[in-house]
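Read through the structure below, which is laid out as structure tokens, and then see the notes.
Everything numeric in this text was worked out from a predicted model, so none of it was measured.
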Amino acid sequence: MDFLFLVLTAVLVFVILIVSNRFWGKDALFVVGIGCAIGSNIYNVGDYGIVIGNLVFGIDSVIYTVFVFVVLLCLKNYDEKSAFTLLYSAMGSIMLSALLVFIASWASAGFASNLIWGFVSYLISVIATFAALFTTIKLFKYFEGKNLNVYLNFLINVLIASFINSLIYFGAVAIISGFEENFLGQLGASYIGKLMSTAFSLLTYFICTKLPYKKIDENDNQIEKN
């Protein structure tokens, strides 16, 4: 039953993405993308885990995949510069959130060693995000140049980004914590959640192609794009 929360989260966020992209185009992609990037760090599996058997799920796996898809959608609908701007904006927003969480926690509960660990986990997430998205932005453009089917291009790159991110993040966390956490349970659940969200991503792209969206022309005027 608890797994339904992941499904409902995916449905809700992707519906928001579809509707907002229809009316606000690139602006919507930045809002949804950055929001999901920050949310995936705040509402992480370590603090908000959903335990099902030996697996530990978190909505972070769902909304992080949304972020990956949004960056690639920005690349597809606009250009590489916009995709990298979104990526760097999200990375900066994550680190700003980490700093604010650090200060707020210190002010309210006093300094403790777990504050340092919390900040480091955000930093690891940023590093993993950069590695995953830099790789897939370049791969997406390469495959696009080879005329690979667009749905297959999205599928391959969302999965690659998800694999790289989870492996770096959970691997680093496991090493730093001395493998005290349920590393395999969290990693396995993360891949399941991201695989589900990848399927939603492909469906979302199909729906978005049937709806006009706002695109910027050479004169920076917004025009309808089918």
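- Using a 4.5 Å heavy-atom cutoff, the side chains of Leu96 and Leu100 are in contact.
- In this structure, the side chain of Tyr169 does not engage the main chain of Ile124 through any donor-acceptor pair within 3.5 Å.
- Aromatic rings of Phe69 and Phe200 (six-membered ring for Trp) have centroids beyond the 6.0 Å cut-off, not under it.
- In this structure, Ala161 and Val68 approach most closely via the heavy-atom pair CB-CG1, 3.6 Å.
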Candidate pair Ser162 and Asn165, rule side-chain hydrogen bond (donor to acceptor under 3.5 Å, both in side chains), full reasoning: CA-CA 5 Å; Ser162 299; Asn165 175 262; over 6 Å; no
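- Proximity of Leu29 to Asn21: side-chain heavy atoms (C-beta onward) are separated by under 4.5 Å at one or more points.
- Counting all heavy atoms, side chain and backbone alike, Leu115 lies closest to Gly110 at CD1-O, 3.8 Å.
- Side-chain atoms of Thr65 come within 3.5 Å of backbone atoms of Ser61 as a donor-acceptor pair (strictly under, hydrogens ignored).
- For CZ of Phe111, the number of neighbouring non-hydrogen atoms (other residues, nucleotides, ligands) closer than 6.0 Å is greater than 12.
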Stepwise side-chain hydrogen bond (donor to acceptor under 3.5 Å, both in side chains) test for Asn153 and Asn149: CA-CA 6 Å; Asn153 202 355; Asn149 177 272; over 6 Å; no
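- Looking only at side-chain heavy atoms (C-beta outward), Phe57 and Gln186 stay at 4.5 Å or farther from each other.
- Every residue was checked against the ring-ring contact (aromatic ring centres under 6.0 Å, His included) condition with Phe206, not counting sequence neighbours, and none meets it.
- In this structure, Ser201 contributes its side chain and Ser197 its backbone to a donor-acceptor pair below 3.5 Å.
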Full working for side-chain hydrogen bond (donor to acceptor under 3.5 Å, both in side chains) between Thr129 and Tyr64: CA-CA 9 Å; Thr129 293; Tyr64 185 83; 3.0 Å; yes
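- Aromatic rings from Phe102 and Tyr122 are positioned such that their centres are separated by 6.0 Å or more.
- Panel note: side chain Asp60, backbone Val45; a donor-acceptor pair is recorded below 3.5 Å.
- A chain of hydrophobic side-chain contacts below 4.5 Å, direct or via other Ile, Leu, Val, Met, Phe, Trp or Tyr residues, connects Phe67 to Val11.
- Residues satisfying the ring-ring contact (aromatic ring centres under 6.0 Å, His included) test with Tyr191, not counting sequence neighbours, are Phe163.
- Judged purely by atom type and a 3.5 angstrom limit, Asn41 uses its side chain to pair as donor or acceptor with the backbone of Ala37.
- Residues Phe119 and Ile116 are not in side-chain contact: their nearest non-hydrogen atoms beyond the backbone lie 4.5 Å or more apart.
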